[in-house]
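So the structure is just underneath, and the comments pick up after that.
One-based numbering, in listed order, for ligands and for the atoms of each. Small disclaimer: the values here were computed from a predicted structure and weren't measured.
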Amino acid sequence: MTKTLIENIDYVVTVDEAGSILRNVSILIVDGSITAIGTSAELAQQAEGAIKVDGRRKLLLPGLINLHTHLPMALLRGLSEDVDLQGFLKRVWAAEGAAMDPATAELGAKLGSLESLQAGSTTQLDMYFHHVDTHRGALAVGTRHVGGPTFFDFPGPDNHTWEQRLGFLESWPADLAALGGPQIPTSISPHGTYTVSQQHLTDLISVMKTWNNPLLTIHISENEPENIDVQTRFGKSPTQLLADAGGLTGEFPVVFGHGVWLSPEDRKLVKNAGAAVAHCPGSNLKLASGALNWMQWKADGVRVGVGTDGCSSSNDLDMWQAMRLAGLLARLTTGRADVTPAIDIIRGATIEGARALGMGDVIGSVEIGKRADLTLIDLDKAHLTPVHDVHALVVFAAGRGDVCDVFVDGEHVLRDGHSTRIDEAELLAKANERGAVAAAAADAS
Ligand SMILES: [Zn+2]
């Protein structure tokens, strides 16, 4: 039995149904689960023999859940600047074709996972090819990484045929079991409805539906040209196309990357399927893709989580920034300061993300019985002193530089800002080396 006691934490942002904030409590973690929350005196007996972590002058919240990203693209940060989505894809796909072999995808996943943990994000819904290598890389750093085979109709940057991709699909549940790691859904990532045909989507879905705990994630309606392209070619919206392929029946969780340009009819389909949208305001703003109307989506019954997108579009994996931008954007576009209370934004980045993954009972809040995916921030900072409104402090004042300790599945994977699993200097040196190869290819495209 492994026991850890995080002692005397100043503030715990639980993100439970009531949005409770606890003061001066300790949290006992036994074999990866939160088993008790109370004062250190109350927990003394149960905590006997536990490894102790000092929680004084710290704020603890559930690990942030990044609902849409492409981790290995951390190696491509800054290679495709000042262009729209379509211009971006041209340069990025050239860089990926030249540099992203399986070993490099694994390296990029390690880099992205380290950045994620250092930014307090414990779970990522990831989409990247060389999915086995990518998943292995993320697991090595210790994140709760949700990835799976990625699909394009065409060979794509990884240069695989459709038949080879179907092979990856068939073997994914067994590959995932062999890789191990924390509990996650068995996910697949068709890239988008403009890159995967309706028939191919139907074929993928018919296989994944037979799995235990499946999940589908796909880019949908990221910008207006995408909608126009799909509408022109197929006579329907991306959401309708996915629905016609059997992807919105409610039988399994579905997460849309972006979903900025969903029509009212699209939103009805999403709501009826219990599907979710990963709102990526940093990427949407930077690529000028549009402003998702969070309040309208919520009013229409669409579950909305928060994501960063990949580093090549939004340039970082900073969920604090994504939270803050989501809140500010909703206020700007509605002209109302009361539409996104900080607790709602935190819910989007934690429990709503967990529910979107079908894991609402497992992670996403600090409650007894949940797995211990926890982020601590150091409150001993000028910009975090004094504390008045705790939820507002988390969203509008704190940042990733304040993250000091992170637990995933009960394991202390980041201590004092550094990985307990890997040699960071060696990782960064290798990332610089492979990054140069990718840059040369992007420039030649
Ligand atoms: Zn994306």
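Looking at Val362 and Lys370, their side chains never come closer than 4.5 Å, going by heavy atoms from C-beta outward. With a 4.5 Å cut-off on side-chain heavy atoms, Cys404 and Lys58 count as touching.
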Please tabulate, for the side chains in residues 269-279, all donor-acceptor contacts under 3.5 angstrom to protein atoms that are two or more places apart in sequence or on a different chain.
unit_1: Asn272; atom_1: ND2; unit_2: Lys268; atom_2: O; d: 3.3

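A donor-acceptor pair under 3.5 Å links the side-chain atoms of Asn227 to the main chain of Trp261, judged by distance alone.
Between Lys110 atom NZ and Glu424 atom CD the span is 13.0 Å, to the nearest 0.5 Å.
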Using the rule given for ring-ring contact (aromatic ring centres under 6.0 Å, His included), can you reason through Phe151 versus His191, listing the C-alpha separation, both sets of side-chain angles and the distance that settles it, and then say yes or no? CA-CA 6 Å; Phe151 299 89; His191 174 266; over 10 Å; no
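The number of protein N/O/S atoms found under 2.8 Å from the Zn ion (ligand 1) is 4.
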